[in-house]
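Comments concern the structure below.
Below, chains carry the letters A, B, ... as their sequence lines are ordered, and counting in each starts from 1.
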Amino acid sequence: MKTKLATITRNKKGQPASTEQTVVAETLRIGRGADCKLHLSDPRIALFHAEVICGVDGVSYIEARGGVVSVDGSFESAATLKTGQRILVGPFELIVLPPQTDVDLALSVELIDPLKDDLEEVKSHVKAGLKSTWLSKRTFSWLAGAAVFLVFLAWPVLNALERGHGKDTTKPVLAADASWDVGPLASAHASFGSNCSSCHQQPFVHVTNGACEDCHKKIGWHFALDTKEAKAVHTGVFGDTRCSSCHRDHKGANGLVRTDSRLCTDCHQNLKSRHPQTGVVDVAEFTKDHPPFKVSMLVPGKTGAAALVRIAQDDKTRYVEASGLKFPHDVHMSAKGLRGPNGKAQMECKNCHVPDETSTRFKPVTMGEHCQSCHSLEFEPKATTRQVPHGKVADVMATLQEYYAQAALTDAAIDVVLEDGIKRPGQRVGETKREAALSWANSKAEKITQELFEIRVCFECHQIKRGEANAEPAMRWLIAPIAVTQHWLPKARFPHSRHDTYKCGSCHDVAGSKKSADIAIPDIKNCRECHGGNVTSKDKAPGTCETCHGFHTGSPKSGVPPILPGSNQPKLMPKTAAAISYQTAHASLATQNGTGGAPQ
Amino acid sequence: MRHRTILEYRDYRYLKLAVLIVVAVIFAYGWYAYPLGHYGGTPLGYTLGTIGALLIFWLMWLGVQKRRYRTTGDVKGWLSAHIYLGTSLLVIATLHAAFQVGWNVHTLAYVLMIIVIASGFYGVYTYLRFPGLMTENLAEDTLESLTLKIADIDREARRLALGMSDEVNQAVLASIQKTRIGGGVYAQLREQVSSCPTTSAVKLIKSRSGTVKGDAARKHQDLYGMMLRKERLVRRARIDIRYKAIMDIWLFFHVPLSVALLAALVAHIVAVFFYW
């Protein structure tokens with residue numbers, strides 16, 4: 001077949017130029033192979049890509065060989081060639097030209113999809129640098145910064161402002177400011193939960209003392225503000241101190257209360273130099289310079305009014321108890337035992353010293369509860385059911401007079417000699433005989449009263465002097481005022497319950513105490529045997545200031561009086577107590593001890 | 001004179017400064033005995049917090065400076081100070097927080113700071129390690145010159161392959177048109193590319209070497225040599241891109257997390273004083 005090939009090239013402006021050649025061959029082989037008449041030198045063309053064949057009827061057609069042929073947009077394995085038809089062979093476009101006289105077929109050939117420049121091709125496949133990817137520092141920065149800002153700053157602030165910051169005290173459903181919480185609240189404050197404004201009442205303002213005092217209304221001062229000087233010192237030392245300077249919350253369940261010794265020693269180790277007028281001794285360390293304990297002892301006053309007096313344990317002349325009672329501990333604690341109402345008994349400490357509700361100290365020892373079962377107030381051996389009242393002298397006398405008068409007038413089998421036979425049953429007693437009986441009864445009562453106050457029963461426990469013989473009944477025997485100290489060391493706390501693994505006697509030396517003047521309060525050496533000082537020790541229990549002492553020990557705002565020496569102490573005895581009775585004295589004591597819940 | 005790294009800048013000037021700061025801070029922490037124990041709200045805690053916050057602001061300022069292309073002093077000095085003083089933050093902030101952590105914005109700021117510093121350490125490591133490797137890999141070339149060389153080979157190989165079997169020709173064409181160098185984040189960070197068209201072409205040409213004879217065999221051998229050269233060039237280009245990516249990738253954490261840290265730091269400070 002004879003084929004005319006018009007190869008079209010275009011200049012930069014796209015204007016075509018045609019180069020014609022005529023090829024004569026049996027068939028028109030198309031490919032990049034050297035044997036192909038239509039030689040298309042392009043790597044996208046197969047060696048023998050396609051073949052154009054002229055049929056016997058003069059109609060030409062194209063057949064795909066090693067490559068792909070597309071005719072009018074669709075891939076064909078073979079297609080008849082018609083004038084104007086567009087055939088794509090790889091990147092080349094072949095167009096069937098109108099029939100020409102001297103050839104079987106005329107085709108135009110044009111490279112319509114030339115290869116890219118090799119460098120351009122390579123460059124288009126090189127993608128270097130992370131900036132060319134989706135990574136973007138700017139975008140990430142905006143996102144991360146904005147997210148943190150919105151969630152952890154803007155939202156909580158708006159939430160707090162919206163809630164009126166302190167005005168709305170209900171618990172928020174969703175606390176945006178929970179992320180601001182620096183740590184768990186103290187257990188006592190746990191109920192505030194996420195309601196920050198309970199304490200943080202104003203933005204950017206320290207938690208005020210007022211916020212604390214909203215609840216803690218009764219907290220005590222550090223010392224009693226009962227004098228102008230005390231108030232001045234208090235203002236000078238603590239005037240602008242915030243509660244939270246010591247009490248920092250958000251430090252865990254037990255973190256709210258300071259227990260370090262510096263709380264005390266920062267001032268107390270140089271207190272004299274700071275406040276020369278102070279009566280408090282400088283102290284820095286329990287094991288070294290802590291002074292001997294001072295007991296707060298009730299001492300009967302010369303005028304009759306008892307007072308709490310602070311006496312150091314090393315002040316041997318004053319360190320003597322004057323309770324007004326006779327109580328030898330050794331007799332009561334004797335290993336041989338005592339004769340009790342139900343036979344012989346061995347007494348123990350707990351028979352009289354009963355722990356109070358807090359198991360910290362002990363309930364007051366009372367005649368009725370602890371003594372009377374043995375120390376009965378019976379006065380007449382034949383009448384074991386009758387006892388004199390534990391009260392005033394006059395009441396005792398009246399009881400005895402009534403008893404013996406009745407005895408004289410009835411058939412009571414009493415151990416007396418009735419000279420004139422007045423106990424004849426069924427007979428009226430005449431005036432004379434009644435007078436005789438009364439006289440006998442009074443005389444008998446007088447005698448027994450004297451016996452009780454001077455020989456037995458009352459005299460057994462009380463210190464009693466004989467008064468004027470002709471005085472009023474109440475003044476005929478002077479009973480020493482009772483001053484039983486209930487809290488010996490009220491400025492310290494000593495929870496007995498925490499020490500109950502020890503025997504009482506290992507601290508309280510009462511086994512050899514023969515006198516009630518002996519004081520069995522352990523001294524500081526006794527405590528130091530087990531308790532170390534401010535520095536944690538391997539072989540000692542802690543002995544920091546806070547182990548025994550508190551800070552808010554001064555007069556509390558509640559008005560409850562403290563047990564402290566000074567002018568504001570409660571008066572323990574009535575002023576005219578020259579012959580104060582047991583009951584009166586104990587009534588006063590009860591008043592004092594009843595308020596013994598004052599700070600330690 | 002031996003090349004001095006940013007770490008050795010001016011005889012370790014900023015290392016000395018950082019050590020001085022750290023020692024002073026540790027000494028202060030050990031010496032200072034606040035009655036309520038150590039925490040961010042003690043006078044020492046506030047002091048350390050202030051120092052730490054100012055350092056963070058200053059260190060971030062370096063980034064802004066670099067962006068502005070305005071050098072205050074010499075960039076090496078800034079970077080050396082950035083590294084050492086940034087590291088000293090680990091001690092300052094840890095002692096400021098007094099080892100206390102919680103699920104809150106305060107610890108968030110601390111943790112972000114730790115991550116930023118850790119990513120910075122990685123950055124220092126890359127700055128010290130990869131420039132040498134890059135030089136070793138590129139020798140006197142650049143990525144640009146590698147690209148030119150590859151294009152040259154492509155041109156020649158394409159021409160040579162025209163006279164070869166369709167199979168070989170196709171493989172060479174695929175190598176030219178489909179060999180990717182670099183690409184997405186993952187592709188840039190990898191050196192090996194599975195099913196690389198160039199590697200496939202090399203293998204194919206090698207396997208077909210027995211099928212041709214005479215002059216064609218010589219041309220076949222030439223083509224094989226070309227494609228091998230191209231394969232090595234492509235690998236070197238990929239390694240270069242990988243090193244650059246490794247040297248850059250940490251900044252995509254370091255910078256945004258620094259900004260997040262800044263936001264958390266501001267939130268931390270506002271939170272502390274809002275609920276003072």
Side-chain angles (χ1 to χ4, degrees), chain A residues 32-34 41-44 46-47 66-67 115 117-123 125-137 140-149 152-153 156-157 160 177-184 196 200 203-207 246 248 251 258 260 262-263 266, chain B residues 33 35-36 39-41 100 102-106 108 112 143 147-148 150-152 154-155 158 161-163 165-166 169 172-173 176-185 187-188 237 240-241 244-245 248-249 251-252 255-260 262-264 266-267 270-276:
Chain A
R32 62 170 212 283
S41 182
D42 188 286
R44 292 165 287 185
L47 278 171
L115 276 175
D117 174 74
D118 290 284
L119 184 58
E120 290 302 314
E121 180 77 49
V122 175
K123 278 185 175 174
H125 296 146
V126 176
K127 205 173 164 195
L130 295 174
K131 279 184 183 172
S132 64
T133 67
W134 54 272
L135 293 177
S136 162
K137 281 178 226 151
F140 290 178
S141 297
W142 274 110
L143 288 175
V148 170
F149 185 86
F152 295 103
L153 184 58
V157 167
D177 47 11
S179 65
W180 288 3
D181 193 350
V182 293
C196 309
H200 303 277
F204 303 108
V205 173
H206 270 307
V207 173
C246 293
R248 301 294 291 195
K251 291 196 162 294
R258 277 183 69 176
D260 60 296
R262 275 188 60 189
L263 173 70
D266 276 357
Chain B
L36 302 173
Y39 63 98
Q100 291 167 1
W103 295 104
N104 50 41
V105 69
H106 317 288
L108 173 72
L112 284 172
L143 184 60
T147 315
L148 282 168
I150 290 168
D152 285 346
D154 279 352
R155 192 175 303 118
R158 183 163 50 79
L162 282 176
S165 69
D166 283 342
N169 179 62
V172 171
L173 184 65
I176 294 167
Q177 293 188 329
K178 291 176 182 166
T179 299
R180 299 277 181 270
I181 299 172
V185 181
Q188 290 196 31
D240 186 58
I241 286 171
K244 276 184 191 151
D248 279 352
I249 188 82
L251 272 169
F252 290 86
V255 172
L257 287 175
S258 298
V259 175
L262 185 67
V266 172
V270 170
V272 164
F273 293 106
F274 195 93
Y275 287 154
W276 207 1

> Atom CG in B:Asp154, atom CG in A:Asp117: separation rounded to 0.5 Å?
Replying inline: 10.5 Å

> Between A:Ser136, A:Ala146, A:Gly33, A:Gly183, which shows the greatest number of heavy-atom pairs under 4.5 Å with chain B?
Replying inline: A:Ser136

> If we only count heavy atoms from C-beta on, is the A:Asp118 to B:Asp152 side-chain gap below 4.5 Å?
Replying inline: no

>> For A:Ser41, which atoms come within 4.5 Å of any heavy atom of chain B: side chain, backbone, both, or neither?
In response: both

>> For a quick test of reading the model, state the closest non-hydrogen atom pair linking B:His106 to A:Val182 and the distance between them.
In response: NE2-CG1, 3.3 Å

> Parallel, tilted or perpendicular for A:Phe140 and B:Phe252, by the 30°/60° rule?
Replying inline: perpendicular

>> When you compare the side chain of B:Ile241 with that of A:Lys127, does any pair of heavy atoms fall below 4.5 Å?
In response: no

> Do A:Leu115 and B:Gln177 touch side chain to side chain, with heavy atoms closer than 4.5 Å?
Replying inline: yes

>> If I take atom OH from residue B:Tyr39 and atom NZ from residue A:Lys251, how far apart are they, to the nearest 0.5 angstrom?
In response: 5.5 Å

> Do the non-hydrogen side-chain atoms of A:Phe152 and B:Asn104 ever get within less than 4.5 Å of each other?
Replying inline: no

> To the nearest 0.5 Å, how far apart are CD in A:Glu121 and CZ in B:Arg158?
Replying inline: 9.0 Å

> Hey, which of A:Phe149, A:Trp134, A:Phe204 has the most heavy atom pairs under 4.5 Å with chain B?
Replying inline: A:Phe204

> Looking at side-chain heavy atoms only, is the closest gap between A:Val148 and B:Val266 below 4.5 Å?
Replying inline: no

>> Once rounded to the nearest 0.5 Å, what's the spacing between atom NZ of A:Lys131 and atom CG of B:Leu251?
In response: 9.5 Å

> For B:Thr147, is it the side chain, the backbone, both, or neither that has a heavy atom closer than 4.5 Å to a heavy atom of chain A?
Replying inline: both

>> Taking the side chain as everything from C-beta on, heavy atoms only, tell me whether B:Asn169 gets closer than 4.5 Å to A:Leu47.
In response: no

> If you tally heavy-atom pairs under 4.5 Å against chain A, which of B:Leu162, B:Ile150, B:Leu108 wins?
Replying inline: B:Leu162

> For A:Val205, is it the side chain, the backbone, both or neither that has a heavy atom under 4.5 Å from a heavy atom of chain B?
Replying inline: backbone

>> Looking at chain B, which one of A:Gly66, A:Ser132, A:Gly129 has the largest number of heavy-atom pairs inside 4.5 Å, strictly under?
In response: A:Gly129

